[in-house]
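Below is one structure, written out as structure tokens, with a few remarks after it.
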Amino acid sequence: MSLFNVCNWWTSQCPDLEENYDVASLLCARFGLEEQEKDYIVVGSHTGQLSIFYPSYEQDANGNSSGFKPTDLLLEIQGDLPILGVYAGRFSANNRKENANQLALLHPNSLAIYNIVHVGGVAEHGAQLSLKQISEYRFHRTAFSFCKGHFGKVKGREFFCVVHLDGSLTFFEQDGISYECKFPGHRALPTPVVYCERTDCFFRLASAWNLECYTYQDLSHSSINKSHYQPIWTVCLGEGILDMNVVQVKADYSNVMILGERNFMCLTDTGKVEFILKLDYAPKCFHSFVVGYYWEPTARLITIIVSESSKVFIYENASIIWAAQFKHESPVAIQRSNIMGLPGGIVTLSPTGKLRIGYLGSDPYIFQVPPLNMQELTFQQAHDEFMQLEQEIKEATDIQDMKAINEKAYADVHIEFTIEQSTNDDADTMLLDIPAHVTLKDLPVCSGKLKWHAMCDLSELQVVFNLPDGIKCSQDSLTYTDIKADSKETMELDFYTCDLLHIPTAKVEAIVSFISTRGIPRVIQKTAYLPLNMFFKTKQPQKAATIKLTFNVNAGEDAVKLTNYFSEFVSWESDIQALGLVLLTTVDESQEEIITIVAAKNSNRIRIQSDYLETFPLIMERLMEKSLEMQSNSKTPKEKSPNRQHILQAAAFIPAQPILHRIDVHHETQENIRKQTLELDDLWQKFKDLQRKLQEKSDDEPKETLVMQIEENYDHLIAEGDKLMDMRKDELRQRCDLSCALVVAKIIISCLHLEEKIIKVVCSVLTTPTEDWTELSWEESMAAGIDMLHHYGPLSRSKNTNTQNNMIDATASQDTFDYTRFRKHFATFFDRIVRLASNDAKLQTTSVMELKTVESQVVAQKAEIENKPDVNTETWHDILNVKPMQSTAGAVKRLKPFQKSSTLEAVEDDEEEEGDDDAEDLRKMGYKKEYGCKEKHDENESEWLNEDFKLPSSEELFSDLGIWW
């Protein structure tokens, strides 16, 4: 913070109040209208407003200053064209006065030269000015900036040139001669171009951030004889520039002052670096001037730089001599001017047209140091404050007790999120911005409510809805700031279909993130489900289908009634056992995607069947959701929350081929998109080369052939771009189809007879929804997880340590993605899960049946013993048939825990490619094809076997791996 402020001397507001001003909108100059005149201030805006001020400062008899007076504004007009810059100079050859200058206004496609005419005032009205146009120059290219000077070292008049947006220059002489020239190189940035009169050279910044110097002779001759030229010297600046001007301090050289993005540089006109000043602030504009005359030895180079933080820094050469603070916003332009009553005033122009004149006076920034609090502080009080602060920091940063943190977050903000199960068919499609192709389907819309209640003060709160692809909310996100305690609000929501896609889930998450007044962020969320009648309508059930899934429901006798699950389509009085639904969000009108739900009459089974895999996710999700809801309602609060394995039990079947087909289609689309992108890059590069060739051609050379090639290439580029857009749309649809397939697989796996750890690992690998990135497709991101499941853990085929190390080396050595290998592992992955679930189910059923058989035999034998008390107890083993267990009692042996392993070592693998390897692995591990044990002879056998040749349990496998848990 600076100690001194820039004192305000005169202030006025320009007509345009918007941010339509830049560094070229301010000019301080004299036009030779009267003797002993001072500087006029000219301001032009991008909307065409032009104002000319002649400030004066007067004081009354009491010493009070009046500041701005209406007579200070001499001219104010509204033009038809935007004003890009205002400039003054001797632009007319018919000018007879030595001190008379003309005003030049730069427009986007023209340059107008005006004479300023002084009109004397009558009575109290004061003097006025008027503009008389002398000439106007038009050009075809859009203008960027303006440069003037005595080009060619002419005397008595000034020439000027216009810098265009493509970097080219158009020179205008007062005799009506104009010519164009282009800088060498493929591209020229539209940067400021300045002229140095001493060396008759131009300076410009090249696209490589090099400052280049060109002579006027080379530029003027290049348009006549088509010769190629190069800069006479080049200096690398290494950054972009904000502004640049030339001042002459010494008689033997001039200085090029450059304000960069991070540095302030000074170079001589011969390319020598005088100094580079690194700025520790963000500069915005600057102005350099010489105090005195350049032939005097006491001449001083002064530079004023304005920062983004409204501070002004004044330098003499590279040394700072003053710093002050603006009381207002940071200006976009600054100049030094000699005004009537204030020589050397600082003129600034704000982005909104506020014109101010100030000076560096002795008006200091008054700051009083507050008195020190000298009261005595006791140790106990300091300790209590320290402990309180430590507790607050711990509460904000300690994440060990996440349960308590989440409970505290839900206590700070209460949220209620509900979605109505009824739909509305008369929604306003224009208000909801529903696309036309979706509007034609007349899809229903459902409503919802979100209520939040802040129990404490919050600095910010944001509500975001996580929706599946194809579904939108009338309010996707909403942000609140400075929330007081006990604030409430209810959000009325509408959920509608925005695209015809297969929806993988009906779940909607309302995520509320907030920041407390102490800066502690927290996130809470609530979940609700969209009604199924948004996506389906009733249809005649189908008797046959290609995909059939069966579930056993363990939720009571009435749980298998379709009324409990699909109340939108079945009334409470109905006892139908079959329900047919047709999907509404299909793109193809010729085919209907029908799904049938059948409830068994005499058992707790529900069968879902359809020819289309994309129709299953929403039905299966509803089945899971309602089953868990009914089970949780039937349990007491002390009982454990229900598990989906205990409620729904699926048959050991996964539709692997339809899922693999969706993966194949998705991968093929990704490859086509990559090829199309490369082709577009080639066409775009060719298009740029043709444009470059066209720019390099002169006006006299024929251009018809090149123009035809450009048009043909442009049409081809547009056609290929449209094709890529169609591919992107297909990619979105196929990504949604793949998400539906993965959701079906995850729900089936979660309902199989598998260990909970295995289910969590598998579901964590099969992430949904599917995502594709620019450099990484979904298949490539999934390959690592599928490969790990294929080689490690209970789903692996081999348990040999050396084999695993070889697999790691083989995987690490592969630099490219192998889709064939990925697909093979995915298919094997599904097959092993089905075999593992089938094996566990059989073992569980067999163990229960054999246990009942053994118990009945034992009870019968005990009854016989009670009826025959004379039997010798030594023959009990013979009676109970326990002694032959060593050779024949396989059933009792299966009751041991290790026989219920969830691994696949004892499961016969029927794959042709891996059958021999599996048999070899099983023989190494001490097992035969009929799963019997044999004696161990080799000490180098796999470490997965224990001393009793028992199969390891899943807990032992996971604890040994240490990779998943």
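What's counted below: heavy atoms across the whole structure, side chains too, no hydrogens, waters or symmetry copies.
- What you find for Glu492 and Ser474 is that their closest heavy atoms are O-OG, 4.1 Å.
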Practice task
Test Ser739 against Thr768 for side-chain hydrogen bond (donor to acceptor under 3.5 Å, both in side chains), laying out the working first.
Solution key: CA-CA 6 Å; Ser739 298; Thr768 54; over 6 Å; no
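- Residue-environment remark: NZ (Lys548) exceeds the threshold of 12 foreign heavy atoms within 6.0 Å.
- Below 30°, between 30° and 60°, or above 60°: for Tyr819 and Phe822 the angle between ring planes is between 30° and 60°, a tilted geometry.
- Evaluated for a side-chain hydrogen bond (donor to acceptor under 3.5 Å, both in side chains) with His502, the options Asp737, Thr615, Asp469, Thr585 yield exactly one hit, Asp737.
- Proximity of a side-chain donor or acceptor of Thr770 to a complementary backbone N or O of Arg735 within less than 3.5 Å is detected.
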### Query
What's the verdict on side chain to side chain contact (heavy atoms under 4.5 Å, CB included) for Arg674 and Ser777, showing C-alpha distance, side-chain angles and the deciding distance?
CA-CA 10 Å; Arg674 290 183 181 180; Ser777 65; 3.9 Å; yes
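- The shortest heavy-atom contact between Leu648 and Ser627 is CD2-OG, 4.0 Å.
- For Glu771, the CD atom is densely surrounded, since the number of other residues' heavy atoms within 6.0 Å is greater than 12.
- Thr596 places a side-chain N or O within donor-acceptor distance of the main-chain N or O of Gln542, the cut-off being under 3.5 Å.
- Between Phe495 and Phe465, the angle of the ring planes goes over 60°, which puts this pair in the perpendicular group of the 30/60° scheme.
- For Arg622, the CZ atom is densely surrounded, since the number of other residues' heavy atoms within 6.0 Å is greater than 12.
- Although no hydrogens or angles enter the test, the distance criterion places no donor-acceptor pair under 3.5 Å between the side chain of Thr527 and the main chain of Glu509.
- Side-chain N or O atoms of Asp772 include one that pairs as donor or acceptor with a backbone N or O of Trp778 at under 3.5 Å.
- More than 12 non-hydrogen atoms from other residues, nucleotides or ligands lie less than 6.0 angstrom from NZ of Lys441.
- The closest side-chain donor-acceptor pair between Glu593 and Thr586, if any, does not fall under 3.5 angstrom.
- A donor-acceptor pair is defined here as one N or O able to donate and one able to accept, closer than 3.5 Å; such a pair exists between the side chain of Gln676 and the backbone of Glu720.
- Side-chain contact between Thr505 and Pro769 is absent, with no heavy-atom pair separated by less than 4.5 Å.
- Heavy-atom minimum distance, Ile511 versus Val523: CG2-CG1, 3.7 Å.
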